[in-house]
Amino acid sequence: MSKPQGFEKPVGVRDYLPRATRRLRRIERSVLDCMARWGYDPIKTPTMEYYDTVGIASSTPDRKLYKLLNNRGQTLVLRSEMTAPIARVASSLLREESLPLRLSYHANVFRAIEEEAGREAEFFQTGVELVGDRSPEADAEVIALAIASLQAAGVKTFKFAMGHVGFLNGLFDEALPNRTEDQQVLKERLLRRDYVGFREEAESLGLGSKQQQELEGLLRLRGGVEICSQAAGLSSHELALESLDHLRKVWEALSDYGVSQHVLIDLTMIGDFSYYTGMVFEGYAAELGFPVCSGGRYDNLLKQFGRDVPSTGFALKTTRILDGVDDPEGEEERPVLIVYESNRRAEALAEAARIRAEGGAAVTRLSESGSGEKIAEKGRYSRILSYIGENASAK
């Protein structure tokens, strides 16, 4: 293995140059401000966590966790997502706070990747967790806030898909009773959106015509709230019917929020984390071919930290938004360049202080030539103020 050059960095990580960093901060501020207006308080958790607590609870596959040892020989992980760390805090430091808790965050997370996959090992997420409310109202709130957050981030055209883990579990239990491995294979096909593979697997299971019809009918369950009535005809399982009733109530609340036009029901959705227990959803930007937001209900996660309370939440995939969506603000305001001779330094610095106090940006520079700055500098600055000679001049 060759030694890396001085300018090289590990595969899957990146440098954010000034323009991208400014834009990333603008997205972060805009989204967190939006979340604050909905009553969500910001929280930060450590970059490193114990593997035996947060690492296991996160449900991120072991092969995707970055692990390291501390000086006591204990295994740590770099956080792979933010829900499990916040669940730890909500179950400990915030245990005495009244419920529900509304928490927001912006953080970098880490997942080990295959080098040829072209994906990032470190990326940013901005999201919320609503802890202590199991109602359809809470699920509707986080979806409505996710929509508002995407808009705050500058995503103009998008669509959300909403499903329910309970419906799939009920349907599979009815069609494939006591066949856990077969159920898991079908769920993995749905998770990868491999519908052709799903049909092939279903056909290979040797089911009766009714069970086969139920499984194949699942793939047609996408649309508005009317999909819930169609789905009820596929399964009489109690869990499946309860899940459909929950989705109807979420949809009704979204209609009252005035955002249901952005949402469709997709009952093939299963969520990409095993801790999801109920409603799950994803948001897609028209500019991109993959999700920019995902979330759902995870009513059992906090039990792993000793507190049995329901929760729901979402995360924006901030790095994807940064890379794939046009910047609604355009170019950052360029600073004013103030050039001065040493005998007029006090005047120049006072003017720079005034500009900064009013919210502007100013750069100061001692002129060595005494003849001002080149016109070429105007590409970097909004204007140039010259404190050279007797009177200040602007270019």
Side-chain angles (χ1 to χ4, degrees), residues 31-32 35-36 38-62 64-70 72 74-111 124-143 145-146 149 164-166 169 246 250 270-281 293-316:
V31 173
L32 289 177
M35 293 167 174
W38 286 59
Y40 285 75
D41 295 318
I43 187 173
K44 285 187 176 292
T45 65
T47 304
M48 294 183 294
E49 298 274 2
Y50 283 116
Y51 169 74
D52 289 333
T53 57
V54 168
I56 292 175
S58 72
S59 293
T60 302
D62 234 40
K64 293 186 177 182
L65 293 175
Y66 279 103
K67 300 178 185 176
L68 57 157
L69 293 176
N70 65 11
R72 297 180 180 180
Q74 296 166 306
T75 304
L76 309 178
V77 294
L78 300 182
R79 61 190 177 206
S80 61
E81 45 91 23
M82 286 297 295
T83 300
I86 291 178
R88 173 184 59 76
V89 175
S91 302
S92 55
L93 299 176
L94 297 177
R95 192 178 186 90
E96 302 305 318
E97 296 290 325
S98 59
L99 298 175
L101 298 173
R102 287 178 168 84
L103 303 171
S104 64
Y105 62 85
H106 175 83
N108 55 341
V109 297
F110 305 84
R111 294 179 197 166
F124 289 90
Q125 292 183 335
T126 313
V128 304
E129 310 297 344
L130 175 49
V131 179
D133 189 339
R134 70 175 68 255
S135 70
E137 296 284 330
D139 286 339
E141 178 178 318
V142 298
I143 295 176
L145 177 52
S149 297
H164 201 295
V165 173
N169 288 338
H246 185 94
V250 173
I270 194 168
D272 58 357
F273 285 113
S274 62
Y275 54 54
Y276 285 135
T277 58
M279 181 276 300
V280 291
F281 66 95
C293 175
S294 62
R297 175 161 291 280
Y298 51 98
D299 285 349
N300 296 328
L301 179 59
L302 272 74
K303 287 182 183 179
Q304 299 185 51
F305 300 99
R307 191 179 191 189
D308 187 6
V309 294
S311 302
T312 186
F314 72 87
L316 297 189

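Two residues are said to be in side-chain contact when any heavy atoms from C-beta on lie closer than 4.5 Å; Glu81 and Thr60 meet this criterion. Met35 places none of its side-chain heavy atoms less than 4.5 Å from the side chain of Arg102. Under the 4.5 Å side-chain criterion, counting only non-hydrogen atoms from C-beta, Asp308 is not in contact with Leu302. By the 4.5 Å heavy-atom criterion applied to side chains, Asp62 and Tyr51 are counted as neighbours. Within the 4.5 Å cutoff, the side chain of Val142 has heavy atoms near those of the Phe281 side chain. Contact annotation: the side chain of Thr47 approaches that of Leu78 to within less than 4.5 Å [non-hydrogen atoms, C-beta and beyond]. Between Val128 and Trp38, the closest side-chain pair of non-hydrogen atoms is not below 4.5 Å. Side-chain contact between Ser149 and Phe314 is present, with at least one heavy-atom pair separated by less than 4.5 Å.
Counting heavy-atom neighbours within 6.0 Å of Glu137 CD, excluding the residue itself, gives a total of 12 or less.
Between Asn108 atom CG and Phe124 atom CZ the span is 5.0 Å, to the nearest 0.5 Å. The line from CD of Glu129 to OH of Tyr40 is 9.5 Å long, rounded to the nearest 0.5 Å. One distance of note links CG of Leu65 with CZ of Phe110; it measures 12.5 Å at 0.5 Å rounding. Rounding to the nearest 0.5 Å places OG1 of Thr312 at 8.5 Å from OH of Tyr276. If you take CG on Leu93 and OG1 on Thr45, they are separated by 11.0 Å, rounding to the nearest 0.5 Å. Atoms CD1 and OG, from Ile43 and Ser104 in turn, are 9.0 Å apart once rounded to the nearest 0.5 Å.
With hydrogens and angles ignored, the 3.5 Å screen pairs no side-chain donor or acceptor of Asp41 with any backbone N or O of Ala36. When atom types are taken as modelled, the side chain of Arg111 and the backbone of Ser80 share a donor-acceptor pair closer than 3.5 angstrom. Proximity of a side-chain donor or acceptor of Arg134 to a complementary backbone N or O of Asp299 within less than 3.5 Å is not detected.
Ring pair His164/His246 is perpendicular by interplanar angle, where above 60° counts as perpendicular and below 30° as parallel.
A pairwise comparison of heavy atoms in Ala138 and Arg297 identifies CB-NH2, 3.7 Å as the closest pair. Between Ala107 and Arg79 the shortest heavy-atom distance is CB-NH2, 3.5 Å. Between Tyr275 and Ser58 the shortest heavy-atom distance is CE2-O, 3.3 Å. A pairwise comparison of heavy atoms in Ala315 and Tyr105 identifies CB-OH, 3.3 Å as the closest pair. Of all non-hydrogen atoms in Gly313 and Tyr298, the two that sit nearest each other are N-CE2, 4.0 Å. Annotation for Cys293 and Ala146: closest pair SG-CB, 3.9 Å, computed over non-hydrogen atoms.
Screening residues 43-53 for salt bridge (charged side-chain N to carboxylate O under 4.0 Å, His left out), with sequence neighbours left out, gives Glu49-Arg88.
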Q: Begin with the C-alpha distance, continue with both residues' side-chain angles, and end with the deciding distance and a verdict on side chain to side chain contact (heavy atoms under 4.5 Å, CB included) for Leu94 and Leu103.
A: CA-CA 11 Å; Leu94 297 177; Leu103 303 171; 3.9 Å; yes
Q: Check the pair His106 / Val31 against side chain to side chain contact (heavy atoms under 4.5 Å, CB included), numbers first and verdict last.
A: CA-CA 9 Å; His106 175 83; Val31 173; over 6 Å; no
Q | Trace of the side chain to side chain contact (heavy atoms under 4.5 Å, CB included) decision for Glu141 with Asp133 | A | CA-CA 11 Å; Glu141 178 178 318; Asp133 189 339; over 6 Å; no
